[in-house]
Amino acid sequence: MTPDQPVRAVPKTRRLVLAAVAVAVAAAIAVPLALRGGDEQDRPARVPDATGVAAHPDQSPPRELIAAGRVAVSAYFTRKLVEQPNGNAVGTYEWRLLNTATGRYGKTDWAWLHVAPGMRTAAVLERDLPVSRIGLLDLATGKVQRWIKVDRSVGGVEFSPDGKRLLATAYGLNPDGMFKDASYRLNDRTVPGPKPSRTGFHMIDVVSGATDFVERPAEGNEQDGPAGGRQDFHWSSDGKLVWEPGNNAEGKIYYDLTGKRIASPDQGVNPSYPGAVLSPDGTLMTGDFVGEGDRIVSEIRNAKTGDRAAVVPGQQLLAWADNSHVIAWRCDPKRCSPGQGEFRNQLLLVGLDGKAIPLSGFRPEKLRDKGRWEPVLTPR
């Protein structure tokens, strides 16, 4: 997406990649939400009760915990392109991870990470991807508790929805590498390009470390930008399937856990767009941007019929805080127009009643700004 495109022009793959994220301090805003919380013993140390909101509308990127209802920003990252010898480059992710003992985000040197539901543990990968081991890091101490070794090097990792398994995508080359001998034309310039090198995925039991490898090579490059070679697999919402971004109607290509391609389970559900997210009770799903003029709104749909159920503030709906509140990106309506200010957006908590609460400050106006941060939203 380029700065001169309208707000609604968000590519499928960007939605999916960006989108599939402590202590409430004095600046936090506490707003009661009606939802089911987990058992007290299952909550991470010192994370505030799941019926409240921790907001910092004066912080972008955030320094202190941002959370709403059942989810929190467990981490966030920025990206930059680092030139390498011989004309190559690497699209480098720079991560900030929540320390649950302090409620603050701290800079890390991990190349890749993913936080488990419950926000006690993060799976981390060291620099110079792909790597042959996965670390399990304690969010309260910031220390790796143990390492899981794999026989085929990995460049991406993701916890299952229940936190009991890891899905690690294997690569032969750095998935974020940009290579001179794969150059292409971009804006009248010749730039290094990505090389598909995915070989398959590991299914890993977190407790035992037992690993099963499934061969599933890359079939083409369907992403854009500096991370173009990254073709990670992701869990389905129930943890029974895995998927990768695709250009089909659902925007996702599904596989069973043996690597066999299957029909999309979304068929018949009538998803409103590829990044649709179901509400916790399964009755509603997030929809696409439907704003016109100065109306910066997106739709909520009935998960069974696909009919519109509500229209709420926001450019992009990211996650459900509970059954009636969604976390969203929205630009400032007073300064938002296609090509001017549409990328100057902030995280909001929006309700089906149309009310909105700012959760973060505004991101930079330029889409390619080095300070433009992307949140990781995790069930807490």
Side-chain angles (χ1 to χ4, degrees), residues 1-20 77-95 111-112 125 127-131 152-158 169-201 215-234 243-253 255 261 273-275 316 338-339 342-343 363-374:
M1 183 163 61
T2 58
D4 60 350
Q5 289 177 309
V7 171
R8 71 188 66 187
V10 183
K12 287 181 181 179
T13 50
R14 178 173 289 279
R15 290 178 184 143
L16 293 167
V17 172
L18 299 178
F77 63 85
T78 57
R79 284 179 290 201
K80 65 179 181 179
L81 195 63
V82 179
E83 295 183 358
Q84 302 291 306
N86 303 319
N88 296 338
V90 177
T92 303
Y93 290 76
E94 296 187 340
W95 297 86
W112 193 261
L125 302 181
R127 291 289 175 189
D128 299 323
L129 299 174
V131 294
R152 310 214 187 180
S153 295
V154 299
V157 64
E158 182 176 302
T169 306
Y171 294 92
L173 299 172
N174 189 330
D176 304 316
M178 308 293 281
F179 303 93
K180 184 178 180 180
D181 60 1
S183 296
Y184 65 102
R185 298 290 292 177
L186 177 66
N187 297 331
D188 297 325
R189 295 174 55 225
T190 298
V191 297
K195 289 183 179 181
S197 69
R198 191 185 71 197
T199 58
F201 59 87
E215 188 172 339
R216 177 50 75 171
E219 296 182 359
N221 176 28
E222 298 189 23
Q223 298 184 15
D224 59 355
R230 181 172 289 278
Q231 295 176 299
D232 287 358
F233 289 101
H234 307 277
W243 62 268
E244 64 174 327
N247 286 330
N248 54 6
E250 294 79 21
K252 300 177 182 180
I253 299 172
Y255 304 89
R261 184 167 174 171
Y273 81 111
Q316 186 179 7
E342 62 178 303
F343 300 116
R363 295 193 294 183
E365 291 189 14
K366 295 181 179 180
L367 179 61
R368 302 300 181 188
D369 192 285
K370 64 180 181 180
R372 192 168 181 82
W373 54 279
E374 299 287 350

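By convention here, the first residue in the shown sequence is residue 1.
- Under the 6.0 Å cut-off for aromatic ring centres, F201 and Y255 do not qualify, their centroids lying 6.0 Å or more apart.
- Between the R372 side chain and the R363 main chain, no donor and acceptor come within less than 3.5 Å of each other.
- Annotation: the span from F77 atom CZ to T92 atom OG1 amounts to 12.5 Å, rounded to 0.5 Å.
- The heavy-atom pair separating G155 from P130 by the smallest distance is N-CB, 4.3 Å.
- With salt bridges taken as basic N to acidic carboxylate O contacts below 4.0 Å, one links K195 and D181.
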Inset, instruction - Check the pair Y93, L129 against side-chain contact (heavy atoms from CB on, under 4.5 Å), reporting the backbone distance first and the verdict last. - result: CA-CA 11 Å; Y93 290 76; L129 299 174; over 6 Å; no

Legend entry - Verdict with supporting geometry, V191 and M178, side-chain contact (heavy atoms from CB on, under 4.5 Å): CA-CA 8 Å; V191 297; M178 308 293 281; over 6 Å; no

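- Side chain of N86 to backbone of N88: no donor-acceptor contact under 3.5 angstrom is found.
- The distance from the CD atom of E158 to the NE2 atom of H234 is 6.0 Å, given to the nearest 0.5 Å.
- To the nearest 0.5 Å, atom CH2 of residue W95 and atom CZ of residue R79 are 9.5 Å apart.
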Legend entry - side-chain contact (heavy atoms from CB on, under 4.5 Å) evaluation trace for L173 with F179: CA-CA 10 Å; L173 299 172; F179 303 93; 4.3 Å; yes

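- Residue R189 places its CZ atom among 12 or fewer non-hydrogen atoms of other residues, nucleotides or ligands, all under 6.0 Å distant.
- Here the side chain of N174 pairs a donor or acceptor atom with the backbone of D176 at under 3.5 angstrom.
- If you take OG1 on T199 and CZ on R152, they are separated by 6.5 Å, rounding to the nearest 0.5 Å.
- The main-chain N or O of G156 is never found under 3.5 Å from a side-chain atom of Y171 such that the two would form a donor-acceptor pair.
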Legend entry - Intermediate values then yes/no, side-chain contact (heavy atoms from CB on, under 4.5 Å), T169 and R230: CA-CA 9 Å; T169 306; R230 181 172 289 278; over 6 Å; no

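- Across all their heavy atoms, T190 and S183 have their closest contact at CG2-CB, 3.7 Å.
- Taking 4.0 Å as the cut-off between side-chain N and carboxylate O, E244 and R216 do not count as a salt-bridged pair.
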